[in-house]
Novice: 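Here it is: the structure, laid out below.
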Amino acid sequence: MTTDFADGRMRLTVLGGYLGSGKTTWLRHQLHVGGFGPVHVIVNEAAETGVDDVLLAAASGLTLLAGGCSCCTGRQDLIDALRGLCDQRSRKASDEQRLQRIVLETSGLADPGAIVAAIQGDPVLVNHIVIEQTIVVVDALHGLAQLQTEPLGRRQIGAADRLILSKCDAVDLASLTLLRATLRALNPSAPQSAAVLGAAQPLPDLAPDAQAPALPPLSDDDTRGAIFPTRLKIDDSIDWSAFALWLSALLHARGNDLVRVKGVLPTPAGRLLLQTVRKVVQSPEILPAQENQSEDGTIVFIGRGFRPEDLQTSLRRFAGRPTGLRQKPYARQRV
């Protein structure tokens, strides 16, 4: 990683990857081990409720941009946030006090290439920020299926300077080789590495003659409809056993449509981080208490092909009455 700041500009790393790829887990580990040094993290979440910012408290500074993807509907918010950091930096008296690095963790619905173009095309930011690299995290468990069906996933791979394969411990060598060959075919210049729970893991050499499976042609005009986030506020009287049964049944029936579920739930055991990727429920984690817990009890469902009122009705029948259901489609974001 470049460490020469002789031109006086900040270095920005764009961290991208599809929904549930493991971006936050990887970044959280880098912050823990000091991989970026002192750094300001900008977290962009498609839903109006932020969750990832709760997990990145080790950053020197943190900005949450929630409610729109930075490559389209939330682009101006990103530009404004970066300009604000530039203004703050210019007011510092010495180089030791000035911010040197920024990491932007994009939404899983964002195209990193469009974000890079927006920053480089801004007449103010181009004088204060250098985009150091674009890192894209790839879910080894679901990545090949996503590349078969999601044009956005292919654009994310094509925009990468570096590819990090997550969850490699969950797949066999043959499946991993097929995915890696596909990634190489889509972006032959991007080096590949691996991480499990954010920690670097060795990757076997990929044979030069490893064959990538043929990918079908895809159109940005997806007949399945746009992916959108839905917020569901859980009532305090929820029956947690019934809720677990409902979620399990929902993922079994509609896991390929509900590509991501994430939320922080107040349970008798503490603040529980709930995360799923398609039909896979990730290991639960108890989070520490924090000053602002106003969004605890909100679950964000990200997917396509369902109606918010259907989630409300089914959960009410299983476990009680949820409140505050909200859907915010992104008409400009086609995946």
Side-chain angles (χ1 to χ4, degrees), residues 17-29 45-47 49-52 54-56 107-109 137-146 149-150 153 165-172 175-176 179 195-199 227-235 238-288 295-306 308 310-312 314-320 322 325:
Y18 202 72
L19 294 160
S21 60
K23 298 183 295 297
T24 303
T25 298
W26 182 83
L27 179 55
R28 187 182 185 187
H29 182 77
E45 297 199 38
T49 299
V51 176
D52 290 346
V54 175
L55 307 177
L56 300 174
S107 157
L109 295 175
V137 181
V138 183
D139 182 342
L141 189 60
H142 300 102
L144 190 56
Q146 290 164 352
T149 60
E150 305 293 348
L165 281 69
S166 66
K167 311 174 192 176
C168 292
D169 57 333
V171 298
D172 57 44
S175 299
L176 184 61
L179 173 60
V196 174
L197 296 177
I227 290 178
F228 59 85
T230 295
R231 300 172 69 248
L232 190 154
K233 189 74 173 179
I234 300 298
D235 187 87
I238 192 74
D239 182 319
W240 293 110
S241 297
F243 172 82
L245 178 62
W246 172 78
L247 182 60
S248 177
L250 178 65
L251 295 177
H252 178 76
R254 302 297 300 276
N256 290 329
D257 295 326
L258 287 167
V259 295
R260 189 74 164 118
V261 178
K262 181 182 286 190
V264 178
L265 303 177
T267 72
R271 303 175 66 231
L272 178 69
L273 174 63
L274 170 69
Q275 300 190 86
T276 78
V277 180
R278 296 188 184 269
K279 297 185 178 184
V280 178
V281 179
Q282 300 182 16
S283 298
E285 179 180 353
I286 298 297
L287 301 177
E295 292 294 349
D296 283 13
T298 299
I299 305 177
V300 178
F301 296 81
I302 304 178
R304 58 159 67 92
F306 63 92
D310 294 336
L311 294 179
Q312 183 181 38
S314 63
L315 181 55
R316 183 187 299 124
R317 290 175 178 173
F318 267 86
L325 190 65

Novice: Would you mind reporting whether Thr230 and Val300 have side-chain heavy atoms less than 4.5 Å apart?
Specialist: no
Novice: Does the plane of the ring in Phe301 sit parallel, tilted or perpendicular to the ring in Trp246? Use 30° and 60° as the thresholds.
Specialist: perpendicular
Novice: Please evaluate residues Val259 and His142 with respect to the criterion side-chain contact (heavy atoms from CB on, under 4.5 Å), reporting the C-alpha separation (whole Å), side-chain torsions for both, the decisive distance (0.1 Å), and the verdict.
Specialist: CA-CA 10 Å; Val259 295; His142 300 102; over 6 Å; no
Novice: Does the side chain of Arg271 come within less than 4.5 Å of Leu265's, by heavy atoms?
Specialist: no
Novice: Can you check whether Leu144 reaches Ser175 side chain to side chain, under 4.5 Å on heavy atoms?
Specialist: no
Novice: Grab the two heavy atoms, one from Arg254 and one from Gly305, that are nearest each other, plus how far apart they are.
Specialist: NH2-O, 2.5 Å
Novice: With rounding to the nearest 0.5 angstrom, report the OG to CG distance, Ser166 to Leu141.
Specialist: 9.0 Å
Novice: Starting from the C-alpha separation in whole Å, work towards a yes-or-no answer on side-chain contact (heavy atoms from CB on, under 4.5 Å) for Leu274 and Val264.
Specialist: CA-CA 6 Å; Leu274 170 69; Val264 178; over 6 Å; no
Novice: Considering residues at least two apart in sequence or located in another chain, which fulfil the side-chain contact (heavy atoms from CB on, under 4.5 Å) criterion with Asn256?
Specialist: Arg278, Lys279
Novice: Quick check: do Leu315 and Leu250 have side-chain heavy atoms less than 4.5 Å from each other?
Specialist: no
Novice: Kindly compute the distance separating CG (Asp257) from CG (Leu251), expressed to the nearest 0.5 Å.
Specialist: 11.5 Å
Novice: Can you tell me if Ser248 uses its side chain to pair, donor with acceptor, with the backbone of Ala244 under 3.5 Å?
Specialist: no
Novice: To the nearest 0.5 angstrom, please state how far the CZ atom of Arg304 sits from the CG atom of Leu258.
Specialist: 11.0 Å
Novice: Report yes if the side chains of Lys262 and Gln282 come closer than 4.5 Å at any heavy-atom pair, otherwise no.
Specialist: no
Novice: Distance from Thr24 atom OG1 to Leu273 atom CG, nearest 0.5 Å?
Specialist: 9.5 Å
